[in-house]
Undergrad: 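I am attaching a structure below and will ask some questions about it afterwards.
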Amino acid sequence: MSRVFDTNLPFPTLARTALADAQLRANLKHATTTIREKRLRVVGELDDWEELRSAGAAIKDFALGHLDELCVEFERNVQARGGVVHWARDAAEANAIVVGLVQATGVDSVVKVKSMATAEIELNTALESHGIIAYETDLAELIVQLGDDLPSHILVPAIHKNRAQIRRIFLDEMGKSGLAAPADLSDDPAALAGAARAHLRQRFLSAKVAISGANFLVADTGAVVVVESEGNGRMCLTLPETLISVVGVEKILPDWRSLEVFLQLLPRSATGERMNPYTSIFTGATPGNGPSNFHVVLIDNGRSSALAEESGRDVLRCIRCSACLNVCPVYERTGGHSYGNPYPGPIGAVLVPQLRRGVRTQLEDSLPYASSLCGACYVACPVKIDIPKILVRLRSEVVDEKRREHPRDPELVAMKMVEKGFSSARVMRRLVAAGQVLGRLRVRRLRYLPPPLSRWSATRDAPLPPATSFRAWFAQTHPDANVDLPLPRDFSSSLVHDHGAIHDATPGHVGRDVPGRDGVLSSLASALAAHPSPPPPPRAFRLTGSRDARERRQLLRERLVDYRANVVECDPASLAATIASLLAAHHSTSVAVPTDVPDEWLREVSVRVHRDDGPLATAELDAIDSTLTGCAVAVAETGTIVLDSGERQGRRVLSLVPDHLIVVIDDAQIVEVVPEAVARLTPDSSQTWISGPSATSDIELERVEGVHGPRRLDVILVAASR
Amino acid sequence: MKVALFITCVNDGLFPNTPRAVVDVLERLGHEVVFPTQQTCCGQMHLNAGYREEGLHLAQRFRDVFNDYDVIVSPSASCVGTVRDLYATSAKSLGDATLAEDLDEVGRRTYEFSEFLNDVLKVTDVGAVFPHRVAYHPTCHSLRVLGLDEAPRTLLRHVEGLDLVPFVQPDSCCGFGGMFSIKNADTSSAMGSDKLAAVRASGAEVLCALDNSCLTHIGGLASRARSPLRLMHLAEILASRDGSGRV
Ligand code: SF4
């Protein structure tokens, strides 16, 4: 059985185990330090980062403020493209829907792309209980699954393991469920990624059903957007006949254009890259070009309750980039397992209590306190979620609950007493004076304090009160500068506040008795009823670049090379020769090409050319060495090539299965910045955004090239004739 | 200028040298210092720990105590951060917009000590002498809530004889976090030990910050480890005329 989080222990107890594990702490420190530096570097490159953050937050606010309408619009657009949208109020409904869909296909195993939503609803366990095996295909998820472990990071679930530990798991476990790892496997991340490629290859090529999550859903086109690195996402979104995407409703974006912001914010915040290697934008079933059965399961599972409340709504902006985890000093020491659920770190500490409103175990109550409120997360968050403020707010809910349920709780009583003490300068003076008695005792260090302060003195000496307080000193030295105005007011009854109000007024539960679509939609609508519509988002970031064609080509070249693509430049007259020489350099014996690639390109090619007329079967493609295509548009700043199955690009599978990809780009196709590319592309086309060869950062957060997609990427930049 | 001192409860009872140093520096610069004796605590601990009502009672008290002053100065970044950043939000979260506006107003008159020197008085050299190797730890509230980094560093750079030494990851939290240091004592100590190790490795003799609460935490670890590291609030260094740092 897949392991799931099943603890109700409070965070400090769980953290103690992690803190005692020196290896774990070393792994986490190494990984988080690496990723922090990378993120700072690529964020620092953009002058308009703050504008992008503001736009990201505003677009999300706008989407959340119209979530019910946007869900319906999304559904309409998915249906128009041959897909089906299902609605689930909670985990049980979602799991039942997915199990039913898989059973209808008759298979007993599925391939999966990493997805937080399916971890949240514990889908793998539900599938297993119906005899269906879910194979995780993301490298880090594979490590966790093979090692019978639990995920500890949103993006890199195996961040707590180092390369040596991963090697051990591969050697011991791979053979039990498929192709074994080679006996001489080294702990070089590239070798480990290679072992994962081999282990999963046949599984991808033969899979009938894939299950994915999504980073974004686009309401006005019905697109499912999956941002990834390794190519396992592309495999799952391209090869199987049936695709089931399980997605939280909050992932909806209003329109296609919103991606101009999020495709900049997410990769830079997540893996610290200008652009992740692969982004698939899937807009429904196209015959012969990807899955023919396409389902989206929209899940609520607590989101409408969160939506009803201001801080809950802020939290729903989250795009799961993990930047807040990576910069968090608490996460760095305690790791993800201490948070007791699939969402760890600062975002977990604010998200989980909001999604599980009404559930109050020691774990939920402890999460808002699992932070020193240092604010590093807020600074890093690409959608400006003020996590410290939300933590404080959630703490006050925990306290308010205490007031109602446990009015004699010792902490509550003590805090009220302290407040009473501070409410009178006279009492405070006495307290300070009492402390000074200690100060006169001439002890040098204070090593022991009574509980609960003993938790302080277990590791830290306490400060010694001085012989004279400031007050006393100042009264003596500045007799005329003491202003002693009496304060007539007593504030203890000045705040009118019904402790039950916020909780009970939460209207997100309205749809709780109605199943499926109507239940979800009515919950969303009632959660939104009390809130004003947010304004349309600003676009103050760069919409266009400033470079000329030659400079753009130059920048594109640099950025492609940065991510280990091989780039050559040529003029139109020498294109055919260049293509031939790249195939020869790769020792290719065969090349697949889209049906409409001009003969001119192939004039000097001497290897076997397979035009995709048939079309080519996946197994045939797997035996072909190279693929040659054109492109729709290329983004210089991020080193990205976009394919949309348009002219000279062919089916999506062509650029995925053969291990070597050659892309021909001419100057007119190169834009400088992401918004220009978004403006050029057809909104509802299925697209693949490619930035370098397939890669992974799942091992110690170091990028290595070469996983499931082509391991070698050659780019030919054709300069317009001089 | 007439300056009302908000010294904070922690400084009053545990670290009187810090506010004494503030008085010293401000008077040296020719300003009038007054002390409203009804002041107690800003309510930071209550507000941060979720005791919103208790904290807001103390916030209202703060407002009344300092109602008559145009300039309120405090040698604690976290308390100033509370007044400026948390008061209004907390009142809003209870649905009291009038109180929020009221508290916001008092926040606009409240300054952290180095911020006041640098931004309001435009002073960079207060004539201090302190010939020691000093590491400056930007506390989370000073750096990320108040946005203070250059002001304290500039003041330190102008201290005669002072050698400002860098250390690794200066921006990372020391792990104090108020109630966090008790509720999550193990994690808090782990963070603090790393901070202490980084500072020790820099060769600094003195660790300086704008918050005595964070210094108590790091200092408590240092004292337990029998480390000779000296912990000093910025004000104490700025008050030093003879190089001893004693007020
Ligand atoms: S809260 Fe912000 S920083 Fe954290 S995962 Fe979500 S979007 Fe990223």
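Just so you know, these numbers use all the heavy atoms, side chains as well, and skip hydrogens, waters and symmetry mates. Below, read A as the first sequence line, B as the second, and so on, with proteins coming before strands; counting in each chain starts at 1.
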Undergrad: Measure the CD-CE distance between B:Q38 and A:M428 for me, rounded to the nearest 0.5 Å.
TA: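 Going from the CD atom of B:Q38 to the CE atom of A:M428 covers 11.5 Å.
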
Undergrad: Indicate yes or no for a side-chain donor-acceptor contact from A:R460 to the backbone of B:G219 under 3.5 Å, with no hydrogens or angles considered.
TA: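 Side chain of A:R460 to backbone of B:G219: no pair is present.
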
Undergrad: Roughly how far, to the nearest 0.5 Å, is the CG atom of A:L19 from the CG atom of B:D186?
TA: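 Going from CG on B:D186 over to CG on A:L19, the span is 6.0 Å.
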
Undergrad: For A:T334, which atoms come within 4.5 Å of any heavy atom of chain B: side chain, backbone, both, or neither?
TA: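 Only the side chain of A:T334 comes within 4.5 Å of chain B.
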
Undergrad: Please report the closest heavy-atom contact between A:T459 and B:L221, naming both atoms and the distance.
TA: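 Shortest heavy-atom separation between A:T459 and B:L221 comes out as O-CD2, 3.6 Å.
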
Undergrad: Select one option (side chain, backbone, both, neither) describing which atoms of B:L143 are under 4.5 Å from chain A's heavy atoms.
TA: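 For B:L143, no heavy atom lies under 4.5 Å from chain A.
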
Undergrad: Please report the C-alpha distance between B:Y51 and A:L412 in whole Å, then the side-chain angles of each, then the deciding distance to 0.1 Å, and finally whether the side chain to side chain contact (heavy atoms under 4.5 Å, CB included) criterion is met.
TA: CA-CA 9 Å; B:Y51 293 82; A:L412 178 66; 3.5 Å; yes

Undergrad: Examine whether an atom of A:S371 lies under 4.5 Å from a heavy atom of chain B, and if so say whether it belongs to the side chain, the backbone or both; otherwise answer neither.
TA: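 Only the backbone of A:S371 comes within 4.5 Å of chain B.
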
Undergrad: Closer than 3.5 angstrom, by distance alone: can the side chain of B:D12 be matched with the main-chain N or O of A:R471 as a donor-acceptor pair?
TA: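 Here the side-chain-to-backbone pair exists.
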
Undergrad: Got a second to check how far A:E419's CD is from B:R61's CZ, nearest 0.5 Å?
TA: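 That separation rounds to 10.0 Å.
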
Undergrad: Do any N or O atoms from the side chain of A:Y369 and from the backbone of B:M179 form a donor-acceptor pair under 3.5 angstrom?
TA: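 Not confirmed, A:Y369 side chain does not pair with B:M179 backbone.
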
Undergrad: Between A:A18 and chain B, with a heavy-atom cut-off of 4.5 Å, which part of the residue counts as in contact: side chain, backbone, both or neither?
TA: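 Contact with chain B is absent: no heavy atom of A:A18 under 4.5 Å.
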
Undergrad: What part of B:D68 gets closer than 4.5 Å to chain A, counting heavy atoms only: side chain, backbone, both or neither?
TA: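 For B:D68, the side chain is the part near chain A, not the backbone.
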
Undergrad: Could you check A:F422 against B:Q39 for side chain to side chain contact (heavy atoms under 4.5 Å, CB included), going step by step and ending with a plain yes or no?
TA: CA-CA 9 Å; A:F422 283 155; B:Q39 63 179 277; over 6 Å; no

Undergrad: Taking B:T37 for the side chain and A:V483 for the main chain, is one N or O donor matched with an acceptor at less than 3.5 Å?
TA: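 Such a contact is found between B:T37 side chain and A:V483 backbone.
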
Undergrad: Less than 4.5 Å to any heavy atom of chain B: does that hold for the side chain of A:R426, its backbone, both, or neither?
TA: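 Neither part, no heavy atoms under 4.5 Å.
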
Undergrad: So that I can tick it off, tell me whether A:R333 and B:D194 are bridged by a salt bridge, with the cut-off set at under 4.0 angstrom between side-chain N and carboxylate O.
TA: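 Salt bridge: yes.
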
Undergrad: Hey, mind stepping through A:F470 and B:F35 against ring pair (Phe, Tyr, Trp, His ring centres under 6.0 Å) and telling me if it holds?
TA: CA-CA 10 Å; A:F470 174 81; B:F35 179 68; 5.5 Å; yes

Undergrad: Please check if the side chain of B:R224 supplies one atom and the backbone of A:A458 the other of a donor-acceptor pair under 3.5 Å.
TA: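 Here the side-chain-to-backbone pair exists.
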
Undergrad: Side chain, backbone, both or neither: which part of B:E32 has a heavy atom under 4.5 Å from chain A?
TA: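 No part of B:E32 comes within 4.5 Å of chain A.
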
